[in-house]
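Quick caveat: nothing in here was measured; it's all calculated off a predicted structure. These values consider heavy atoms only, across backbone and side chains, with no hydrogens, waters or symmetry-generated copies.
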Number of protein chains: 2
Amino acid sequence: MSHPVPRISETEWEVLRAIWIGHPVSAAEIISRLSATDPSWHPKTARTLIARLVEKGALTYDVDGRTFLYRPLVTEEQCVAQASNSFLDRVFGGALKPMLAHFVEHRNLSPADLRELEDLLARKKRRR
Amino acid sequence: MSHPVPRISETEWEVLRAIWIGHPVSAAEIISRLSATDPSWHPKTARTLIARLVEKGALTYDVDGRTFLYRPLVTEEQCVAQASNSFLDRVFGGALKPMLAHFVEHRNLSPADLRELEDLLARKKRRR
DNA sequence: CGTCGTCGCCTACAGCCGTAGTCAAACTAT
DNA sequence: ATAGTTTGACTACGGCTGTAGGCGACGACG
């Protein structure tokens, strides 16, 4: 547990998601993945964010000739956990059940989704 | 839909929660509510945040003699909805079911909570 | 070989955020 | 009345964010 998972900003999340897709990966490839989902990405902006993620210790790289091949130092799971904690605390004062209830009540879930979630709960219950 | 619900920062959330408890309310009372839950609140900091929330259009006030009585211009529901959207998009790419699954899997839910959630899902299903 | 595009590095800059301090006016307690 | 307290207004300031621009080196193309 060396690194305490740095704080990841909104746009940095998008960059990280592009990297989690597959790595090691060059800046050019990261940028092209980003543009693929959102054409408004400016290459310079993406490069700045990549550099910041390296500074923050969320990414590292191996030098390959003239370019860098980036690799994540934090897993998606770690980041999801961190962001989830912060959201839960901030918005629901840490109370899990009200949060879940909120989403179930205010969001659309297909009947299939509802069934899967019920399954999940049931299995959870059985696993104690 | 006049106001597009301003973006609320971490600490601003705490201030707003102190106000949603009951209003209209004076700055002094807000500060004392904040200190009640977290003694490390500095009055000056709280006042700055209150002022910023007014600028942002999240609060307004009525003048009462020499002091102001503040009222929220955004409801907790609105803010919860906005923060939830942003969290869901940012962290789960907008996918609701994986998000719910994540919390059910990685968090502790008491058997009672599990039962209540099952109920919720069941009722939801019945309501189509 | 010269030109042009690409790469990473460094710089910029405004706006938001957390955290307060100063100040003048008004109020309150002596 | 005088001094201390409280209030809102204004100011400060460094770090984080979003959004890039400029620069010098290196390699590709003609």
Side-chain angles (χ1 to χ4, degrees), chain A residues 4-19 24-32 34-35 37-71 79 82-83 86-87 89-91, chain B residues 4-19 24-35 38-71 79 82-83 86-87 89-91:
Chain A
V5 184
R7 180 179 168 72
I8 307 301
S9 84
E10 182 99 18
T11 48
E12 286 165 355
W13 261 95
E14 300 188 44
V15 174
L16 273 178
R17 274 209 256 106
I19 293 168
V25 58
S26 68
E29 171 61 17
I30 296 172
I31 291 168
S32 100
L34 287 170
S35 306
T37 46
D38 177 355
S40 74
W41 270 97
H42 191 300
K44 287 295 196 175
T45 303
R47 277 173 192 283
T48 299
L49 291 169
I50 292 170
R52 284 185 188 165
L53 285 168
V54 170
E55 278 175 34
K56 287 189 181 187
L59 290 185
T60 188
Y61 56 84
D62 303 306
V63 179
D64 172 33
R66 199 163 73 91
T67 71
F68 291 0
L69 293 181
Y70 296 91
R71 283 179 293 120
C79 290
Q82 187 252 26
S86 137
F87 167 72
D89 284 354
R90 184 226 287 297
V91 177
Chain B
V5 183
R7 178 180 166 76
I8 307 300
S9 82
E10 181 99 18
T11 48
E12 285 165 357
W13 260 94
E14 299 187 45
V15 174
L16 274 177
R17 275 209 254 106
I19 293 168
V25 59
S26 68
E29 171 62 16
I30 295 171
I31 292 167
S32 100
R33 288 180 193 171
L34 287 170
S35 306
D38 176 355
S40 74
W41 269 98
H42 191 300
K44 288 298 192 174
T45 302
R47 276 174 193 284
T48 299
L49 291 169
I50 293 170
R52 284 185 187 165
L53 285 167
V54 171
E55 279 175 33
K56 288 191 182 186
L59 290 184
T60 189
Y61 55 84
D62 304 307
V63 178
D64 171 35
R66 198 167 72 91
T67 72
F68 292 179
L69 294 181
Y70 297 90
R71 283 179 294 120
C79 290
Q82 188 253 20
S86 137
F87 166 72
D89 284 353
R90 184 226 286 297
V91 178

**Message:** Please check: side-chain N/O of B:Thr48 versus main-chain N/O of B:Lys44, any donor-acceptor pairing under 3.5 Å?
**Reply:** yes
**Asked** Would you say the side-chain atoms of B:Arg7 pair up with the backbone N or O of B:Lys56, donor to acceptor, closer than 3.5 Å?
**Response**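 Such a contact is absent between B:Arg7 side chain and B:Lys56 backbone.
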Between [X] and [Y], what is the shortest heavy-atom contact and its length?
X	Y	value
A:Asp89	B:Arg17	O-NH2, 3.3 Å
B:Leu49	B:Glu12	CD2-CG, 4.0 Å
B:Arg33	B:Ala18	NH1-O, 2.6 Å
B:Ile31	B:Pro43	CD1-O, 3.9 Å

Provide, to the nearest angstrom, the distance between the [atom1] atom belonging to [X] and the [atom2] atom belonging to [N].
X	N	atom1	atom2	value
B:Asp62	D:dT7	CG	P	17 Å
A:Ile31	C:dG8	CD1	P	8 Å
B:Glu29	D:dG8	CD	P	13 Å
A:Leu53	D:dG18	CG	P	10 Å
A:Glu55	C:dC9	CD	P	10 Å
A:Trp13	D:dG18	CH2	P	14 Å
A:Asp64	C:dT6	CG	P	18 Å
A:Leu16	D:dT17	CG	P	12 Å

Report, one pair per line, the protein and nucleotides 17-19 of chain C atoms (nitrogen or oxygen only) whose separation is under 3.5 Å.
from, atom 1, to, atom 2, distance (Å)
C:dC17, OP2, B:Lys56, NZ, 3.0
C:dG18, OP1, B:Thr11, N, 3.4
C:dG18, OP1, B:Thr11, OG1, 3.4
C:dG18, OP2, B:Ser9, OG, 2.6
C:dG18, OP2, B:Thr11, OG1, 2.5
C:dG18, N7, B:Arg52, NH1, 2.8
C:dG18, N7, B:Arg52, NH2, 3.3
C:dG18, O6, B:Arg52, NH2, 2.9
C:dT19, O4, B:Arg52, NH2, 3.1

**Request:** For B:Arg66, check side-chain hydrogen bond (donor to acceptor under 3.5 Å, both in side chains) against everything at least two apart and list the hits.
**Result:**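 Once residues adjacent in sequence are excluded, B:Arg66 has no partner under the side-chain hydrogen bond (donor to acceptor under 3.5 Å, both in side chains) criterion.
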**Asked** What string of B, S and - do you get for nucleotides 22-30 of chain C 5' to 3' if you count protein non-hydrogen atoms under 4.0 Å?
**Response** BB-BBS---
**Item:** Nearest-0.5 Å distance that lies between atom CD1 in A:Ile50 and atom OG1 in A:Thr45
**Value:** 11.0 Å
**Message:** Can you classify the ring geometry of B:Phe87 versus A:Phe87 as parallel (below 30°), tilted (30 to 60°) or perpendicular (above 60°)?
**Reply:** parallel
**Asked** Hey, does A:Ala51 reach any base, or is it just sugar-phosphate, or nothing, if we go heavy atoms under 4.0 Å?
**Response** nothing
